[in-house]
Amino acid sequence: MSTSEREITFGEAVREAISEEMRRDETVFFMGEDVAVAGGVFKVTAGLYEEFGSKRIRDTPISEAGIMGVGVGAALTGMRPVVEIMFGDFMTIAMDQVVNQAAKLCYMTGGQARVPLTIRTTIGAGRSSAAQHSQSLHAWMAHIPGVKVLIPSTPADLKGMLKSAIRDDNPVIIYEDKMMYSLKGMVPEGDDHLVPIGKADIKREGTDVTIVATSSMVQLALSAADTLEQEGISVEVVDPRTLSPLDTDTILQSVRKTSRAIVIDEGYRSYGVTGEIASLIADEAFDYLDAPVKRLGAMDVPVPFSPSLEPSTIPNEAAIISAVHSMYRDVA
Amino acid sequence: MSTSEREITFGEAVREAISEEMRRDETVFFMGEDVAVAGGVFKVTAGLYEEFGSKRIRDTPISEAGIMGVGVGAALTGMRPVVEIMFGDFMTIAMDQVVNQAAKLCYMTGGQARVPLTIRTTIGAGRSSAAQHSQSLHAWMAHIPGVKVLIPSTPADLKGMLKSAIRDDNPVIIYEDKMMYSLKGMVPEGDDHLVPIGKADIKREGTDVTIVATSSMVQLALSAADTLEQEGISVEVVDPRTLSPLDTDTILQSVRKTSRAIVIDEGYRSYGVTGEIASLIADEAFDYLDAPVKRLGAMDVPVPFSPSLEPSTIPNEAAIISAVHSMYRDVA
Amino acid sequence: MSDDIEIVQPSSDDSELTHPREFCAEMYRKMVTIRRFEEAVLEIYQQGLMPGLAHPYIGQEASAVGVCTALRDDDYITSTHRGHGHLIAKGGQVDRMMAEMMGKEAGYNRGKGGTMHIADMSLGILGANGIVGGGMGMATGAGLSAQMRETDQVAVCFFGDGAANQGSFLEAANMASIWSLPVIFLCENNLYGEYTSHRDVTAIKEHIAERAAGYNMPAIVVDGMDVVAVYETTSRMVENARAGNGPCFIETKTYRYRGHHVGDGNPEKTYRTQEETDLWKTRDPITRLARRMVKGGMATEEEVSEIDQSIQSAVEHAVEFAKQAPFPEKGEVTEHVYV
Amino acid sequence: MSDDIEIVQPSSDDSELTHPREFCAEMYRKMVTIRRFEEAVLEIYQQGLMPGLAHPYIGQEASAVGVCTALRDDDYITSTHRGHGHLIAKGGQVDRMMAEMMGKEAGYNRGKGGTMHIADMSLGILGANGIVGGGMGMATGAGLSAQMRETDQVAVCFFGDGAANQGSFLEAANMASIWSLPVIFLCENNLYGEYTSHRDVTAIKEHIAERAAGYNMPAIVVDGMDVVAVYETTSRMVENARAGNGPCFIETKTYRYRGHHVGDGNPEKTYRTQEETDLWKTRDPITRLARRMVKGGMATEEEVSEIDQSIQSAVEHAVEFAKQAPFPEKGEVTEHVYV
Ligand SMILES: Cc1ncc(C[n+]2csc(CCOP(=O)(O)OP(=O)(O)O)c2C)c(N)n1
Ligand SMILES: Cc1ncc(C[n+]2csc(CCOP(=O)(O)OP(=O)(O)O)c2C)c(N)n1
Ligand SMILES: [Mg+2]
Ligand SMILES: [Mg+2]
C-alpha cells in the first residue's frame, strides 16, 4: 500500500475509481444518461469517454428502468456494469429492477446468480433544485436485503468504496451528495486504495457525545464538534459509511464510551436512517445512555424551491449544537 | 351513527367501502388489473363491476406506472380515483408517480393542486409466493411526506379508513395484508362508518407492557397478550392504524403508563417502521422506560419460497412472548 | 413505416395568412413574449437573481403557441422541465412566473416550486415537471377525467424527443388509445436530450412519430418552426379528439437555440455544430410570422415593432415585480404538505 | 401497419418435414415433456404437495420448443411467471424443477425460489420472473454483454401479450435497436393476461408485432401452435442476430388450454368461451407434430407412444424424486442474501 497522499475532489474520486477499475478489469463498463461525451451533468466522469471510448463509456437513452435492467442482465452474464442514475430522485423509476431483481437474484436462485452491479446516484438538497431533484432517498435501499448501501463522506472514502463496490460480486449502490463534488480531501496515492464495505470510520475521537453522521452531515458534525470543543464538550463523530450491512459494533462501542448519541442524516427524518440507528443504540446501549438519543434529518416536507425556505429543511450546525445542549438539559 | 353491527371479512370491507363511496360520489371510480369482471385476483372487488359497469370499474393494461399516472391526472382534474396495485411488490414500478408527483403536487404548487387519489395495495408473506410477491414495503411510503399511509388490522378499521381515504383530498395509500382477506370482524351497520386518518387505536388495554403492532401483527400481539396474561403480564396493544401522520400521543401515553414497549411490523426489520416508532419511544419516553424498546420485523432476507424457510422470516407469537420475557430479564 | 405518418407540407413563407389579423397578431405576441421572457431569465440568472437552473425555450416558440392557440382555457396541458413556453402560450402570466422563478411568494407556486413546477390549475396547466416523461400518465388521466365527466375537454401532453424513450410513453399511449381518450401526445423534437443527439439514443427510421402506429393512433409530423402549420394541425386533431375519436401523436420538428439549461453556455463548442444552429435560426418562427404579416398587409413594420416594444416592457415590468416581491415567510415551509 | 410485418405462412399439416428424424423427435420429446410436467404440476397442486400457485404452459409448447431449439446451450433466455415450458425447452431437468416447485433443497434454487424464479445459469436460463415485463431489460443486458465480450451469443426475451403493455418493453426494444444487440423479443400472444382479453387492453390494429416497427426492427408473426414454423422463423432471426444485425420481434400466436394459474379452474365459465378453447385445441402442437412424423414415415404410431411412455415415466420419477427430497435446513434462510 502506498502511503503518500494527494488532494483531490469528491468528484475526481469518482472518476479515478471508475477509470482505475476499468483499466484493471475489462469487464467493467459505465453507462448512464449524458455520461460519455458530456462527462455527466455534474462533469465528474469527464475524460472517461476519451480514454475508454463509446463502447465502455456508454450514453443511454432516458430510460432509467431500462438501463437498470440492462445493468442487471449484463452483470448476470459476465460483465461488471457501473450504472449512473443522475439524480437519486429518478431511482423511483428504476426500483423494480434493483429491488425485485438485482437484490433478490442471488437468494432466489439459491446462490446461483451473481449480480456484480454498481449503481451510482446522488442525494442532497441545497441547490434550489426543488422537490424532484433534491431528495435523499437512500433509506429505501437500506431497507432492502440483498443490496449493499454505501454513503461516503470524503474523497478518500468515496474513491476507496466505489472501487470496492465495483469489485464486489453483489449489487451495491453508492450515494454521492451532489453538494460535495467539489469538496477536497487527501487520498492515498496509487490504484490500490480500497475502503472496505461494512466498516464504519471514526472521523473524530471524543469522549462526551457521539454523533453518528452520514455523507455531508459528517462535515457538519465535524464543524459542530469544533464549536462544542470550545465549550468543553468533546464530540466523537462516527461515520457509518456503509448503511447496509451496518457496522453496529463501532457505533455501539462509541456510545458505550460517551453515553450520549445524536444521529444525523439528510434523508427525511421519519421512517429513515436515523430511526434505525437511534433505535439500535437505544436498545443495545440502553444501560449506558445518560440521555435519550436525538435524531436530526431533513424536515418531512417536499424540498421547497425558494432560498428563503429550503435551507431550513436540512439539518445545520446550529441544530446539532442545540441538540447536544438539550442532552445536557434533559438530564440536568 | 348506527350502533348495530354485522360480521364481515376484511375483503368484504374493501368492497363495501368502495361501493358505498361510489354510490355517494359519482367522481369516485376504481381501476386496476383484472379488477372488473374478474373481481380482482383476491376476489375482494367482485360484484362492483356488475353494479357500476366498466366505465367506473375499469380493467387496465399491465402498466403499473401508467395507471398510477392516470390516477394522478384524473385526481388533479375533478375525479377521485381508487387505484389498485395488485401486489405491493409492484409498487416498485409506480414509485415515481406516487413519490415525485402525487405526494408533492400540493406542496410544489403552493397549495393549488389537489390529488384526491386513493391507492390500495397489499403486503404480507406466508403464502409461498416467494420474494417478489410477499414484501411489506409500506415503510417506503411512510418515509415520504405528502402521502398518508394507512395500515388497518381489522375489517372495521379497513372499511372505515378506506372510506376516509376516498373522501380525503390528499393522496392516501392503504396497505391490506393479503393473508387477512378472510379474517372476520364486526363492523358498524350503515354507510356512515368512518375511521379517522391519523388516530391510533388501543386494541387491548394493559398495564405492564405496550406492544405497538401494525396490520396482521396486531392479531399476533393480541394472542400473545392472551398467553402472557396467564403468566400475570398485562399487555396493552396499540395499533397505530395510520403510519403517516402518526398518532404519537397515543403511543407515548401508553408507554409512559407501562414503561415497556415492543414494536412489531411485518416490513423488513432494518430501516423500517419499527425503527421509527422505537426511536420515538426511546427518545420521548426515555425517563419512563424500565427496559430497552424491542423491535420485531421481517427477517432481512428476500422472502424464501420453501415452506420450511418462509415462516421463520415473519414475527410469530413465540418471538413476541420471548421478547416480552427478555424485557424482564434485561433489568432483573 | 412512414406510410402511416402524415407529413404536413410546410407552408411557404410567401403564402397568404388565411387567419384573421388579430388572431395572427395574438400568436405573434405570445411567441415574442416567450422569447423576451426567456431572455430575461438568462439575464437574471447571470445576475444571480434566479436560484437554481432553468431550461430556455428560445427557438421553439411556434410549437407551444401553435398548439395552445388551438386549445380552450378549460383544456389541459402537462408540461416539462422546459415549460415556460407552454405556460405562456396557455395563458400564464409572466409576472407571476417570474416571481416563481425567483422563489417569491407572489409566484404561481408561492415560490415553493420554481421553474420546473409552475402550474396554474385555473388555466388547465397541470404543471411543468422535473421528471422526464413524468407527465404522460397525468395527461392521459386528465383525458380520462374529461371523458368520464362528459365534458369535451382535451389534454395535451408535451414532451421531448428524449422523453420518447421513457416507458411511460408506451403505457400512456396504449391506455389513451384503448379508451379513446381526448389526449394529444405532442412530441417536441428539438434533436437533443441534454447533450445527446436523439439519433444516438432513439431507434427510429426517421420520425419519432413512427412509434404512434404501434398504438393504433394517427401520427403527424409538422414543421415546429411554423406557428401557423402547428396551429392548423393541432386544431384539426383537437377537433377530432373533442368529437370522441381518441388520441393522436404530433411531432413538431424544432430546435432550441440555447443550451440545455441556462448554464450550458456554448453547445456549439461541444455537442452540436454552429452550422446546424445557424441553419435552424434561418427558420426562426417569430421572424417568419412577422414577415408574413407584413407581406400580407396585416401589419406594418412599425406595428410589429410596437408589439415588440410593449412586450419588452411587460417583461421588464415582470422582472421588476418579481425582484420587489417578498420571499415566502419562513413558517410557510411546513404548509401545503397536505391540503 | 401490417405492411411492415412478416406474417409467416402456416405450414400445412400434410407437408413433409424437411428436418432430420432425430431433430423432429427431439422437439416432440421436449413438447411432450412440458405437457406431462405441467399435468403433474396440476396434480401435485391438487394433492397439496406444491406450496403456492403455478402457471401452466399447456397448449403453448410449440412456442418454447420451437424457439429454444434454435438456440445454443450458451445462448440466454429470460422467462416469465409461466416459465416451465421455456426452461424445459432450454434444457432444464424436470427432477430439479419439480423439487424446486415443492420447495426442496434439491431444486434448482435450493427451494428458495419456487416456480416463478427457477434459473439455471449454466444453461443460460437467467430465470423465470414474477414481475410481468421484468425480463425485458435483463435480456437486453445479456445481449449487450455478449456483444461487449465479443461472443456470438444471442438472448431471447420471452414475454406475454400482457407484458407488451409494460413500459419496460419500449425501453429495452429501443436500446437493443440503437446498439444492434443480439436480442430476440419473443412475445407469446396467448390472447389473455390473467382474466383479461388482450383485445380490451392492447391498442393495436391486429398484431402486437406492430409495435416493433417503432423501434426500427424486423417483426414477424408466426403460428405458435406449429413448432416447425416457430423453429424455422427463430432460427433465421437467431442467425441474423449472431451476424450482428441486431434485434427482432417475433410474435407467436398461441393459447393456454388451462386457467391462468393452477387455481383458475374453469376459464370457460368466466372470461372465455368453450368454442374458443375447443378451436385452439384442434391445432394442438403435439398432435400435429406426431401426425406429421407418422405421415412422413419418420416414426410409427408405436414409436411415438413409446416416446410418450418414457416421458411419462421420467416425469413420474421426477415427482417421486421431489417428494422424497428433503427441505432445506432452517439455517439456510440467512444464506445467499449476498454472494
Ligand atoms: C426521469 C428523468 N431522467 C433524467 C432527467 C434529466 N434530464 C432533464 S432534461 C433531460 C433531457 C430531456 O430531453 P427531451 O425530452 O428531448 O427534452 P428537451 O430538454 O430537449 O426539451 C434530462 C435527461 C430528468 N429530469 N428526469
Ligand atoms: C408487474 C406485475 N404486474 C402484475 C402482475 C400479476 N400478473 C401475473 S401474470 C399476469 C398476466 C400476464 O399476462 P401475459 O403477459 O399475457 O402472460 P401470460 O400469463 O398470458 O402467459 C399478471 C397481470 C405481475 N406478476 N407483475
Ligand atoms: Mg429534446
Ligand atoms: Mg397472455
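All values derive from a computational prediction rather than experimental measurement. In what follows, chains are A, B, ... by sequence order, proteins preceding strands, each numbered from 1.
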So which part of [X] gets closer than 4.5 Å to some heavy atom of chain B, the side chain, the backbone, both or neither?
X: A/Ala139; value: both
X: A/Glu64; value: neither
X: A/Val273; value: both
X: A/Ala285; value: neither
X: A/Ala131; value: both
X: A/Leu289; value: both

Could you tell me which residues in residues 238-247 of chain A have at least one non-hydrogen atom under 4.5 Å from a non-hydrogen atom of chain B, sorted by residue number?
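Listed by number, the contacting residues are A/Leu243, A/Leu246.
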Between [X] and [Y], which heavy-atom pair has the shortest distance, and what is it?
X: B/Ser306; Y: B/Pro311; value: O-CD, 4.4 Å
X: B/Ala261; Y: B/Met327; value: O-CE, 3.1 Å
X: A/Gln97; Y: A/Gln101; value: O-CB, 3.2 Å

Donor-acceptor pair, distance only, cut-off 3.5 Å: does the side chain of [X] make one with the backbone of [Y]?
X: A/Thr121; Y: A/Ile85; result: yes
X: A/Lys178; Y: A/Gly124; result: yes
X: A/Asp96; Y: B/Thr92; result: no

In terms of heavy-atom pairs under 4.5 Å with chain A, which of B/Pro304, B/Ala130, B/Ala142, B/Gly272 leads?
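The option with the most such pairs is B/Ala142.
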If you count heavy-atom pairs under 4.5 Å with chain A, which of B/Arg269, B/Met95, B/Met91, B/His143 comes out on top?
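The candidate making the most pairs under 4.5 Å is B/His143.
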Which of A/Asn100, A/Asp300, A/Val99 touches chain B most, by non-hydrogen pairs under 4.5 Å:
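It is A/Asn100.
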Measure the spacing between CG of B/Asp290 and OH of B/Tyr328 and express it to the nearest 0.5 Å.
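Output value for this atom pair is 8.5 Å.
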Rounded to the nearest 0.5 Å, what's the gap from CG on B/Leu117 to CG on B/Asp168? Could you check?
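Between atom CG of B/Leu117 and atom CG of B/Asp168 there are 11.0 Å.
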Examine the side chains of B/Gln135 and B/Asp89 and answer whether a donor and an acceptor come within less than 3.5 Å of each other.
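Yes - a donor-acceptor pair under 3.5 Å links their side chains.
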What pairs with B/Arg114 under salt bridge (charged side-chain N to carboxylate O under 4.0 Å, His left out), at least two apart in sequence or on another chain?
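For B/Arg114, the residues satisfying salt bridge (charged side-chain N to carboxylate O under 4.0 Å, His left out) (neighbours in sequence not counted) are B/Asp169.
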